[in-house]
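Working notes, structure below.
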Protein chains: 2
Amino acid sequence: MENQTQRIINPYVSVDCVLLGFEEDSLKVLLVRQKDKRNNNMTEFFKLPGSLIYQDEELDEAAQRVLEELTGLKKIKMTQFHAFGSIDRMANSDDNIWLQRFHSIPHHIDRTVTIGYLSLLRINKSYKTLNNEYDACWMDINSIPKLAFDHNSIVEFAVKRVQELVQVMPQKIFELLPRKFTEFQLRTVFEIILNKKIDNRNFHKKFKSMRYVIPLDEKETNVAHRAARYYKFDKNNL
Amino acid sequence: MENQTQRIINPYVSVDCVLLGFEEDSLKVLLVRQKDKRNNNMTEFFKLPGSLIYQDEELDEAAQRVLEELTGLKKIKMTQFHAFGSIDRMANSDDNIWLQRFHSIPHHIDRTVTIGYLSLLRINKSYKTLNNEYDACWMDINSIPKLAFDHNSIVEFAVKRVQELVQVMPQKIFELLPRKFTEFQLRTVFEIILNKKIDNRNFHKKFKSMRYVIPLDEKETNVAHRAARYYKFDKNNL
DNA sequence: GCAAAAGTGTTAGAAGTACACCCATGA
DNA sequence: TCATGGGTGTACTTCTAACACTTTTGC
């Protein structure tokens with residue numbers, strides 16, 4: 001990153017990454033904590049991992065760079081899902097002042113258009129340690145605090161997009177599950193995302209017909225009911 | 001528009017409008033002709049209706065304004081579909097020089113991120129007169145010339161998006177048809193957009209089951225075959 | 001009369017929906 | 001023994017796909 005000091009920031013365009021994960025029967029979103037010292041008061045707040053782009057940088061690369069800088073996560077497949085450019089999205093002066101300081105920009109920033117990026121991913125142990133090294137954490141989608149800028153509505157928009165996505169490309173859902181998973185887990189993810197109950201017998205029928213779901217020999221252990229079989233997702237069998 | 005001279009242009013963000021219509025068995029896109037005089041040579045080229053945004057303007061409003069300025073079309077429902085921000089999308093120096101002149105910007109423009117807007121609409125008589133008053137015209141999607149900037153790939157992207165859209169929301173397709181249309185026309189539009197033959201008897205069955213398609217008493221006249229009934233689309237019956 | 005599209009049914013298979021009980025396990 | 005989810009089948013309905021002939025009209 002030595003040569004980044006020479007790169008020119010584009011103060012009118014940013015990227016913001018919405019990473020969604022699944023854990024303990026609910027959807028989580030990855031947020032980063034930011035601290036700001038002003039008038040001897042330390043304030044802190046949460047926001048999506050995101051940042052202004054450099055003028056010589058592709059949008060997709062910017063999303064990758066920013067995510068890595070703020071969370072350490074590398075090579076996460078994200079896709080653009082919407083541009084947010086409301087003229088009052090920077091209206092909160094605390095947000096604006098923080099942004100100027102963060103990027104060492106000596107003037108007020110009028111209005112930045114941000115390109116939202118989306119990814120579904122499994123929350124595994126390495127991701128769980130994020131909050132130690134990077135001050136990033138997974139938060140339940142139903143209990144996120146007031147975020148900086150318009151990030152609350154960006155998250156809402158992303159969740160709606162995921163609902164549409166899962167109807168059209170149900171395979172996408174496997175990105176949220178651990179490498180080995182039970183039929184119950186898969187059904188639960190569908191139920192949470194589509195926000196409706198799914199009949200377990202009918203789901204079982206569809207589940208068995210998915211050729212990209214491979215049964216393993218392994219079963220659950222230490223569960224207070226009959227142990228469920230584990231399955232894996234085989235993307236080569238789509 | 002008197003006070004627009006005071007408005008501040010944001011040279012980093014633009015909007016481009018992809019308006020798609022249907023006529024003579026093919027998809028058309030609305031393009032505007034631009035002329036540029038340089039070294040006593042008049043050159044002309046085509047591009048999508050689009051322009052840089054003002055700093056105090058919502059993206060959606062910018063799309064509406066730009067479309068009206070360049071084509072006279074008002075209140076067209078457009079929705080954002082993708083942001084295009086490749087660093088070399090302004091690489092063609094002719095395009096860049098034209099842009100600077102068009103907006104009276106005294107310096108080279110590095111890289112503009114453009115937000116693509118999409119609309120499907122019927123090409124009726126009023127739209128056909130566009131090319132007289134505004135130097136805008138409908139061009140067959142399969143024979144568009146090299147356009148300015150990356151507009152050729154923006155159009156391609158938009159067409160792909162329409163294909164997806166029609167699968168999920170087939171009602172959208174009625175925006176392309178005239179107010180009264182035949183079953184044959186509707187089938188043809190589906191065939192063109194989905195790029196496949198559709199069995200007419202199976203289509204007929206589905207067609208009859210669409211409660212939002214209302215048969216009219218009127219039929220075709222002067223056709224060299226049995227006259228087809230006209231239908232109208234009733235969006236209240238969705 | 002010929003070309004061109006209108007208009008129309010049946011059958012078979014696939015997919016979706018509704019619905020209820022016993023089994024295995026840990027606490 | 002109780003709570004929890006695992007695991008399973010049938011009947012009905014709906015959707016999809018394949019397939020061909022007669023009618024109307026203008027030329």
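In what follows, chains are A, B, ... by sequence order, proteins preceding strands, each numbered from 1. Only heavy atoms go into these numbers, but all of them, side chains included; no hydrogens, no water, no symmetry mates.
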Would you indicate whether Asp217(B), at its atom CG, is surrounded by more than 12 heavy atoms from other residues, nucleotides or ligands within a distance under 6.0 Å? no
For [N], take OP1 and OP2 only and decide whether either is under 4.0 Å from a side-chain N or O of [X].
| X | N | value |
| --- | --- | --- |
| His225(A) | dA24(C) | no |
| His204(B) | dT8(C) | yes |
| Arg187(B) | dA5(C) | no |
| Arg201(B) | dT10(C) | no |

Are Lys35(B) and Asp135(B) ion-paired here, with the side-chain N under 4.0 Å from a carboxylate O? yes
Whole-Å distance separating the [atom1] atom of [X] from the [atom2] atom of [N]:
| X | N | atom1 | atom2 | answer |
| --- | --- | --- | --- | --- |
| Phe184(A) | dG5(D) | CZ | P | 5 Å |
| Asn200(A) | dT4(D) | CG | C1' | 13 Å |
| Lys219(A) | dG7(D) | NZ | C1' | 10 Å |
| Leu186(B) | dA6(C) | CG | P | 12 Å |
| Phe207(B) | dG7(C) | CZ | P | 9 Å |
| Glu220(A) | dT4(D) | CD | C1' | 11 Å |
| Phe190(A) | dG16(C) | CZ | P | 12 Å |
| Lys208(A) | dG6(D) | NZ | C1' | 13 Å |

Below 6.0 angstrom between ring centroids: does that apply to Phe181(B) and Phe233(B)? no
Donor-acceptor pair, side chain of Tyr117(B) and main chain of Asp60(B), under 3.5 angstrom: yes
Counting N and O atoms only, with roles assigned by atom type, does the side chain of Asn92(B) sit under 3.5 Å from a partner on the main chain of Asp95(B), one being a donor and the other an acceptor? yes
Taking the side chain of Arg226(B) as its heavy atoms from C-beta onward, which of dG7(D), dG7(C), dT17(C) lies nearest to it? dG7(C)
Of all the choices, dG26(D), dA17(D), dT24(D), which nucleotide is nearest to the side chain of Asn202(B) once you look at every atom? dA17(D)
Between Tyr231(B) and Ala224(B), the residue closer to the 5' end of DNA chain C by nearest nucleotide is Ala224(B)
Is there a donor N/O on one and an acceptor N/O on the other, under 3.5 Å, for the side chain of Lys205(A) and the base of dT17(C)? yes
